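Input: a single structure, listed below in structure tokens.
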2 protein chains.
Amino acid sequence: MRIGQLAQLVGVETQTIRFYEQQGLLPPPDRQDNGYRVYTEKHGEGLAFIRRCRILGLSLAEIHELQSYQDDPHQPCTAVNALLDDHISHVRSQITALQALEKQLVSLRASCNDNREVEACGVLAGISEGNMHQQ
Amino acid sequence: MRIGQLAQLVGVETQTIRFYEQQGLLPPPDRQDNGYRVYTEKHGEGLAFIRRCRILGLSLAEIHELQSYQDDPHQPCTAVNALLDDHISHVRSQITALQALEKQLVSLRASCNDNREVEACGVLAGISEGNMHQQ
DNA sequence: TAAAACTATAAAGCTACTATAAGGTCAATA
DNA sequence: TATTGACCTTATAGTAGCTTTATAGTTTTA
């Protein structure tokens with residue numbers, strides 16, 4: 001299987017596959033005589049794992065960490081769970097921050113309507129004067 | 001006022017001020033004979049405006065856009081409000097996406113406990129097998 | 001046979017800074 | 001006077017996770 005086929009199979013771009021290889025997330029595949037990469041099913045699984053982790057918002061470093069655990073199958077999986085717990089609390093704090101931001105933006109938006117000149121715009125005034133009561 | 005004082009006043013690093021100047025967000029200040037930048041109160045206000053916009057999550061491009069509106073004070077401020085509305089819906093969709101992600105992560109986490117070997121880890125299995133029922 | 005489609009590498013671009021390097025300026029001190 | 005320390009200057013590289021571009025070689029198709 002060549003890189004284009006693998007890319008289509010998993011739904012990524014070929015450059016992304018080369019990038020993951022360069023980053024040490026995908027093992028370097030064998031090469032044909034012409035230098036073309038040849039992939040196996042294992043590579044497909046590895047790539048799919050990476051993509052699912054990315055969809056879950058894990059960083060490449062965290063993915064690397066997970067892979068290192070997989071190389072040690074008889075260790076307890078405490079660290080895996082801890083990694084996920086950390087990530088969950090990270091996501092939760094992002095949500096909290098964005099919700100606070102939304103409130104702020106909505107209240108800023110409420111200070112204006114479309115029938116004004118820029119000079120009298122409540123939004124711009126609100127930003128300029130720092131009426132940004134954050135809590 | 002020199003760059004260090006301005007930086008301290010607004011609470012940014014001096015490099016950030018130079019960066020904003022280079023990006024066209026802050027007007028180039030006058031220079032002393034020795035080449036040192038000299039800032040006025042206007043610059044302070046401009047910099048504070050930029051920082052407040054950044055706290056609101058606006059990109060430098062959006063800030064640039066807002067500044068261009070400020071240069072035309074007698075235009076209607078429709079575009080300003082539209083920019084904010086767009087940003088609010090952007091923030092809201094981020095929140096929605098993160099909430100869905102959180103659910104996914106929590107359910108994944110629930111599929112394991114700390115008393116297993118990596119080989120039998122419910123989290124790793126969940127990712128590997130793609131049990132990632134997204135809705 | 002020639003063009004289209006695929007592969008390769010290397011390097012730059014994206015965002016919004018932050019950090020580092022190498023040096024010039026200025027006031028106070030030894 | 002020499003030097004130390006704090007400040008300023010520019011230019012360049014690094015961060016994350018790719019994407020884009022440039023340039024070139026290979027294979028497949030028309």
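Since the model is a prediction, treat every value here as computed from it, not as a measurement. Every chain is numbered from 1, with letters handed out A, B, ... down the list of sequences.
In this structure, the CZ atom of Arg37(B) is 15 Å from the P atom of dT25(C), given to the nearest Å. Here dA16(D) presents its P atom at 9 Å from CD of Gln23(A), a figure rounded to the nearest Å. Between Phe19(A) atom CZ and dT15(D) atom C1' the separation is 12 Å, expressed in whole Å. The separation between Arg54(B) atom CZ and dC17(C) atom P is 4 Å, rounded to whole Å. Between Ile3(A) atom CD1 and dA5(C) atom C1' the separation is 15 Å, expressed in whole Å. Atom-to-atom, CD1 of Ile55(B) to C1' of dA16(C) comes out at 14 Å; the value is rounded to the nearest Å. In this structure, Leu58(A) places its CG atom 15 Å from P of dA16(D), rounding to the nearest Å. At whole-Å resolution of the value, CD1 in Ile63(B) and P in dC17(C) are 8 Å apart.
For Tyr20(B) and dC17(C), the shortest distance from a side-chain N or O to OP1 or OP2 is below 4.0 Å. At the phosphate of dA11(C), neither OP1 nor OP2 sits under 4.0 Å from any side-chain N or O atom of Arg18(A).
When the shell of 6.0 Å around CD of Glu41(A) is examined, it contains 12 or fewer heavy atoms from other residues, nucleotides or ligands.
A salt bridge between Arg92(B) and Asp86(B) is absent, with no side-chain N of the basic residue lying under 4.0 Å from a carboxylate O of the acidic one.
Smallest separation of non-hydrogen atoms from Cys53(B) and Leu66(B): SG-CD1, 4.0 Å. The minimum heavy-atom distance linking Gln70(A) with Val118(B) is given by the pair CA-CG1, 4.0 Å. The heavy-atom pair separating Leu98(A) from Val91(B) by the smallest distance is O-CG1, 3.8 Å. Closest approach of Cys121(A) to Asn81(B), counting heavy atoms only: SG-OD1, 4.4 Å.
Partners of Gln22(B) according to the side chain to side chain donor-acceptor pair (under 3.5 Å) rule, which considers only residues two or more places apart in sequence or in another chain, do not exist here. By the ring-ring contact (aromatic ring centres under 6.0 Å, His included) test, Tyr39(B) pairs with His43(B), sequence neighbours left out.
Two end axes, each from the C1' atoms of five base pairs, can be drawn for the helix from dT1(C)-dA30(D) to dA30(C)-dT1(D); they diverge by 40°, to 10 degrees.
Residues in residues 16-36 of chain B take part in these salt bridge (charged side-chain N to carboxylate O under 4.0 Å, His left out) pairs, two or more places apart or across chains: Glu21(B)-Arg37(B).
Between dT18(C), dA16(C), dA8(C), one nucleotide has an atom nearer to the side chain of Thr16(B) than all others, and that is dT18(C).
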- Item | CA sep, side-chain torsions, deciding dist, call: Tyr20(B), Arg54(B), side-chain hydrogen bond (donor to acceptor under 3.5 Å, both in side chains) | CA-CA 12 Å; Tyr20(B) 288 153; Arg54(B) 292 292 300 131; 4.6 Å; no
- Along nucleotides 20-30 of chain D, 5' to 3', which nucleotides get a B, which get an S, and which get a -, given that the test is a protein heavy-atom distance under 4.0 Å? B----BBS---
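Side-chain contact between Lys103(A) and Val106(A) is absent, with no heavy-atom pair separated by less than 4.5 Å.
DNA chain D lies under 4.0 Å from at least one heavy atom of each of the following residues of residues 39-52 of chain A: Arg51(A).
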